[in-house]
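Comments concern the structure below.
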Number of protein chains: 2
Amino acid sequence: MTTRQLDNIDKSILRALQQDASLSQRELADKVGLSQNSCWRRLTRLREDGVITGQTVRLDMQAVGLDLTVFAMVRTRHHSAEWLERFRKSVLAIDNVIDFFRIAGDYDYMIKIVARDMNDFDRVYQRLIKENELEAVTSYIAMEAIADSRNVPA
Amino acid sequence: MTTRQLDNIDKSILRALQQDASLSQRELADKVGLSQNSCWRRLTRLREDGVITGQTVRLDMQAVGLDLTVFAMVRTRHHSAEWLERFRKSVLAIDNVIDFFRIAGDYDYMIKIVARDMNDFDRVYQRLIKENELEAVTSYIAMEAIADSRNVPA
DNA sequence: AGTGAAACCGCACTTTG
DNA sequence: CAAAGTGCGGTTTCACT
């Protein structure tokens, strides 16, 4: 929440860590041109201030057998607070859902789904439309992932 | 490429590391119920086999000042191999592009873009349509990120 | 189970604005 | 003067053999 101002060194730390978070403190310090100590202090602050919220591994989607990606654009029928809350819970309960955004335009929500194959996706899709009364769903099947989850330009 | 078969222990390792890749070997071994040694061997193999392709940090998009997300659906006009190659290069050269998928349906590409604000996004948008002759672009502005880049269900 | 390396953190000093 | 960086230390913890 603390909208802390990031200087260029902070940004270069974030860039380096996005590219490879397994860097040792020495390597990181060298890369950004700081002493080990002050680099460590900055890193600690970036974590404390909630700029860096965690650390994850990148997985090969093909290797884990989840190389089907679908973007589902959803238009809802109901708009009461309770209905929307149930809808959110219902969507978030599906762990194939990677992204879930409320959007502006001729659709209300955009859901990025990963699945093992078409059958698997259909299971998710059926669940989605059974649990929620939706006005329209348009699914865009991904034919090719040209870029997936790239680093953000910090 | 080696479509290696992952057993339940491998999957629980992947789940644990997706949630927190800063886990020490001992913590990880405890979590998945393995000896430190065999856990380390599995981890090494998962990296060698390309299942785990890297390690990154999760950033708070608001804290880094990139809390505007836009999904741009693109329909292209040209379809020659050279044109498409130039188009890809043009899109990938924009570092605000986080996802870039070729899709099936009434649009050809789906581009997830992050930006500092509307002006910043407009700059990206103008660049996109100036550098490439497109037939149609529909931009869905994200009003709320209910879930962004969740863990994949390994 | 052992070992070398790395993370972690305090401290005194220097630099920059 | 205050804020941030440097260099050096020691202890603890970890990765890897």
Side-chain angles (χ1 to χ4, degrees), chain A residues 1-61 63-64 149 151-154, chain B residues 1-67 116 149 151-152 154:
Chain A
M1 274 302 104
T2 335
T3 313
R4 155 146 175 258
Q5 203 56 21
L6 304 174
D7 64 14
N8 289 332
I9 301 178
D10 286 324
K11 287 179 181 175
S12 75
I13 290 176
L14 296 181
R15 259 183 273 117
L17 287 182
Q18 271 194 102
Q19 203 183 16
D20 183 6
S22 73
L23 248 44
S24 76
Q25 305 267 13
R26 190 181 44 74
E27 289 169 321
L28 180 62
D30 286 352
K31 191 158 286 198
V32 303
L34 277 178
S35 77
Q36 212 162 327
N37 198 334
S38 54
C39 186
W40 172 80
R41 274 199 317 257
R42 273 181 188 262
L43 191 51
T44 304
R45 287 200 52 205
L46 285 168
R47 279 197 266 255
E48 283 172 353
D49 295 354
V51 180
I52 296 175
T53 58
Q55 203 162 325
T56 46
V57 285
R58 279 192 215 276
L59 300 182
D60 183 304
M61 288 306 203
V64 296
S149 305
N151 296 341
V152 305
Chain B
M1 276 298 106
T2 336
T3 314
R4 156 150 172 253
Q5 203 56 21
L6 304 173
D7 64 16
N8 288 334
I9 301 178
D10 286 325
K11 287 179 182 176
S12 73
I13 290 176
L14 296 180
R15 260 183 272 117
L17 287 181
Q18 271 194 102
Q19 202 183 16
D20 182 7
S22 73
L23 249 44
S24 75
Q25 304 268 15
R26 189 181 45 73
E27 290 168 320
L28 180 63
D30 287 352
K31 191 158 285 198
V32 303
L34 240 51
S35 80
Q36 210 162 329
N37 204 326
S38 56
C39 186
W40 174 81
R41 273 200 310 265
R42 274 181 189 263
L43 191 50
T44 303
R45 286 203 53 206
L46 286 168
R47 280 198 266 255
E48 283 173 353
D49 294 354
V51 179
I52 296 174
T53 57
Q55 204 162 323
T56 47
V57 285
R58 278 192 216 276
L59 301 182
D60 183 304
M61 288 308 203
Q62 205 147 6
V64 296
L66 289 164
D67 50 347
R116 320 211 140 268
S149 304
N151 296 340
V152 304

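Remark: nothing in residues 22-30 of chain A comes within less than 4.0 Å of DNA chain D through any heavy atom.
Between the CD1 atom of I9(A) and the P atom of dA4(D) there is a distance of 11 Å, rounded to whole Å. Rounded to a whole Å, the CZ atom of R47(A) is 11 Å from the C1' atom of dA7(C). Between L17(B) atom CG and dA15(D) atom P the separation is 11 Å, expressed in whole Å. Atom CD of Q36(B) is separated from atom C1' of dT13(D) by 11 Å (rounded to the nearest Å). dA7(C) atom C1' lies 11 Å from atom CG of L43(A), rounded to whole Å. Spacing between atom CZ of R45(B) and atom C1' of dC16(D) amounts to 18 Å, rounded to whole angstrom units. As rounded to whole Å, 17 Å separates atom P of dA6(C) from atom CG of N37(A).
What you find for S22(B) and Q55(A) is that their closest heavy atoms are CB-OE1, 3.7 Å. Scanning both residues, R58(B) and S149(B), for their nearest heavy atoms gives NH1-O, 3.1 Å. Between A16(A) and K31(A), the closest heavy-atom pair is CB-CD, 4.1 Å.
Counting only heavy atoms from C-beta outward, the side chains of N151(B) and R15(B) never approach each other to under 4.5 Å. Inter-residue side-chain proximity for L14(A) and L6(A) is flagged as met; some heavy-atom pair is nearer than 4.5 Å.
Atom CD of Q19(B) has 12 or fewer neighbouring heavy atoms from other residues, nucleotides or ligands inside a 6.0 Å radius. Counting non-hydrogen atoms of other residues, nucleotides and ligands closer than 6.0 Å to CG of D7(A) gives a total above 12.
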Practice problem: Going 5' to 3' through nucleotides 12-17 of chain C, assign each nucleotide B (protein heavy atom under 4.0 Å from a base atom), S (under 4.0 Å only from sugar-phosphate atoms) or - (no protein heavy atom that close). | Solution: ------
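When each of T44(A), V51(A), I52(A) is checked for a side-chain contact (heavy atoms from CB on, under 4.5 Å) with E48(A), only T44(A) meets the rule.
Side chain of T53(B) to backbone of G50(B): no donor-acceptor contact under 3.5 angstrom is found. Remark: side-chain polar atoms of Q25(A) are not paired, donor with acceptor, to backbone N or O of W40(A) under 3.5 angstrom.
Side-chain nitrogen and oxygen atoms of W40(B) include none within less than 4.0 Å of the OP1 or OP2 phosphate oxygen of dA15(D).
A salt bridge is absent between R4(B) and D60(A); no separation between the charged side-chain nitrogens and carboxylate oxygens falls under 4.0 Å.
When base pairs are accepted only as Watson-Crick or G-U wobble with both N-N or N-O distances under 3.5 Å, DNA chain D takes part in stems of 3 or more pairs at C:3-17 with D:1-15.
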